[in-house]
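Quick notes on the structure that follows.
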Amino acid sequence: MSKVKTNNYVYQSKKSEETPKANNRKIYYVLAALGILLSVVVVLIFIEKGMENKIVVKNRSSHNISKLQFWYEDENGDITDIMEFDSVAAKEKIKESTESLALSKLEGNAWLSVLIAFEDGGEALLQTGQFLHSFDGKISFDLADTGEEELIVRLKAGEGLFNSTVITGCDDVYYINPKDGYIE
């Protein structure tokens, strides 16, 4: 009889040892998942911070830009400092900080204004978006050739990780003739 008691005792002890090992694995999996989640959140925060106060100008067209200016203008006609690019060659990409374009100087509604002058002689003034408060996002200006004589301009001002334009309302497309500045 003593053998049966010993076997039961050993069997029960093995069973009680297996349960803590399974719980330890679950704890390690949970801790690993939390570590990965925390890492992803930190990386996303750094990406979002890297997108703040930036302007990206892409001239993917075959035309040179002789002058490109950006500023904000409110309904009273007050403007912020003007950010100016003297020339942007064809197929050139420029990234700059927009900290000099402070919207805090303006009251009420403000619009993003862009003056673009081509070497071909055309000049156009674009006003887009509606900025009700300070803007710390990314402004994208993308110029490309179309199949015709016109150029397509995509102008976008977005905030956040996904460059959302819900708050700014600035996600427009224009067709410009580089010879006379005519806008469609």
Side-chain angles (χ1 to χ4, degrees), residues 40-120 122-146 150-178 180-184:
V40 168
V41 168
V42 168
V43 167
L44 291 177
I45 288 171
F46 279 119
I47 290 171
E48 184 177 10
K49 289 293 179 185
M51 293 177 65
E52 288 183 356
N53 296 318
K54 297 271 189 256
I55 187 166
V56 178
V57 176
K58 293 180 191 174
N59 184 0
R60 297 184 297 139
S61 73
S62 58
H63 298 273
N64 293 328
I65 299 172
S66 60
K67 181 169 68 171
L68 184 61
Q69 295 177 336
F70 294 87
W71 70 90
Y72 294 105
E73 185 173 346
D74 68 7
E75 51 200 18
N76 299 329
D78 298 330
I79 65 170
T80 62
D81 293 335
I82 296 174
M83 185 171 196
E84 185 169 357
F85 299 94
D86 289 332
S87 66
V88 181
K91 310 297 181 195
E92 184 178 9
K93 179 179 177 181
I94 300 172
K95 282 185 182 180
E96 291 288 329
S97 173
T98 58
E99 291 187 15
S100 63
L101 293 175
L103 272 172
S104 59
K105 298 176 188 176
L106 302 179
E107 297 177 6
N109 296 335
W111 294 268
L112 177 64
S113 299
V114 179
L115 176 66
I116 181 171
F118 296 97
E119 283 187 351
D120 299 345
E123 187 171 299
L125 176 65
L126 310 173
Q127 280 193 320
T128 184
Q130 186 173 13
F131 299 84
L132 303 174
H133 57 80
S134 64
F135 174 71
D136 296 324
K138 176 180 158 186
I139 299 172
S140 299
F141 179 86
D142 190 0
L143 181 70
D145 289 321
T146 62
E150 299 173 327
L151 301 174
I152 185 169
V153 176
R154 291 181 177 88
L155 188 58
K156 183 176 184 178
E159 292 182 310
L161 184 62
F162 300 109
N163 209 19
S164 172
T165 61
V166 172
I167 295 173
T168 63
C170 181
D171 189 6
D172 296 323
V173 175
Y174 300 95
Y175 293 91
I176 298 175
N177 188 321
D180 60 12
Y182 180 71
I183 303 170
E184 285 184 33

Check whether any side-chain heavy atom of Lys54 lies under 4.5 Å from a side-chain heavy atom of Glu96, and answer yes or no. no
So do Val88 and Ile94 actually touch side chain to side chain, heavy atoms under 4.5 Å? yes
Could you pull out all residues at least two apart from Asp120 that satisfy salt bridge (charged side-chain N to carboxylate O under 4.0 Å, His left out)? none
Any sub-3.5 Å donor-acceptor pair from Thr80's side-chain atoms to Tyr72's backbone N or O? yes
Measure across Glu92 and Ser87 and return the closest heavy-atom pair with its distance rounded to 0.1 Å. OE1-O, 4.4 Å
So, does Asn76 use its side chain to make a donor-acceptor pair with the main chain of Asp78 at under 3.5 Å? no
When rounded to the nearest 0.5 angstrom, what distance separates CZ in Phe70 from CD1 in Ile116? 8.0 Å
Does Phe118 have any ring pair (Phe, Tyr, Trp, His ring centres under 6.0 Å) partners at least two apart in sequence or in another chain, and if so, which? none
Residue pairs involving residues 122-131 (criterion salt bridge (Lys or Arg N to Asp or Glu O under 4.0 Å); sequence neighbours excluded): none
Hey, could you give me the CG/CD distance between Leu112 and Gln127, rounded to the nearest 0.5 Å? 9.0 Å
Return the set of residues passing side chain to side chain contact (heavy atoms under 4.5 Å, CB included) with Glu119 (not counting sequence neighbours), or none when no residue passes. Asn64, Ser66
Would you say that Glu75 contacts Trp111 through its side chain, given a criterion of any heavy-atom pair below 4.5 Å between the two side chains? yes
Side-chain heavy atoms of Lys67 within contact of Glu84, under 4.5 Å: yes
In Leu155, Ile152, Val153, Asp142, the residue satisfying side chain to side chain contact (heavy atoms under 4.5 Å, CB included) with Val173 is Ile152
With rounding to the nearest 0.5 Å, note down the distance linking CG in Leu143 to CD1 in Ile65. 5.0 Å
Kindly determine whether Val57 and Leu68 satisfy side chain to side chain contact (heavy atoms under 4.5 Å, CB included), including the steps that lead there. CA-CA 10 Å; Val57 176; Leu68 184 61; 3.7 Å; yes
Flag, side chain of Asn59 to backbone of Ala89, donor-acceptor distance under 3.5 Å: yes
Distance col, row Glu73:CD vs Ile82:CD1, nearest 0.5 angstrom, shows 9.5 Å
Which residues satisfy the salt bridge (charged side-chain N to carboxylate O under 4.0 Å, His left out) test with Arg154, sequence neighbours excluded? none
Report yes if some heavy atom in the side chain of Phe141 is under 4.5 Å from a heavy atom in the side chain of Val56; otherwise report no. no
Check side-chain hydrogen bond (donor to acceptor under 3.5 Å, both in side chains) between Asn177 and all other residues, then give those that pass, not counting sequence neighbours. none
To the nearest 0.5 Å, how far apart are CG in Leu151 and CD1 in Ile176? 7.5 Å
Can you tell me if Asp145 uses its side chain to pair, donor with acceptor, with the backbone of Ser61 under 3.5 Å? no
Rounded to the nearest 0.5 Å, how far does CH2 of Trp71 lie from CG of Leu115? 5.0 Å
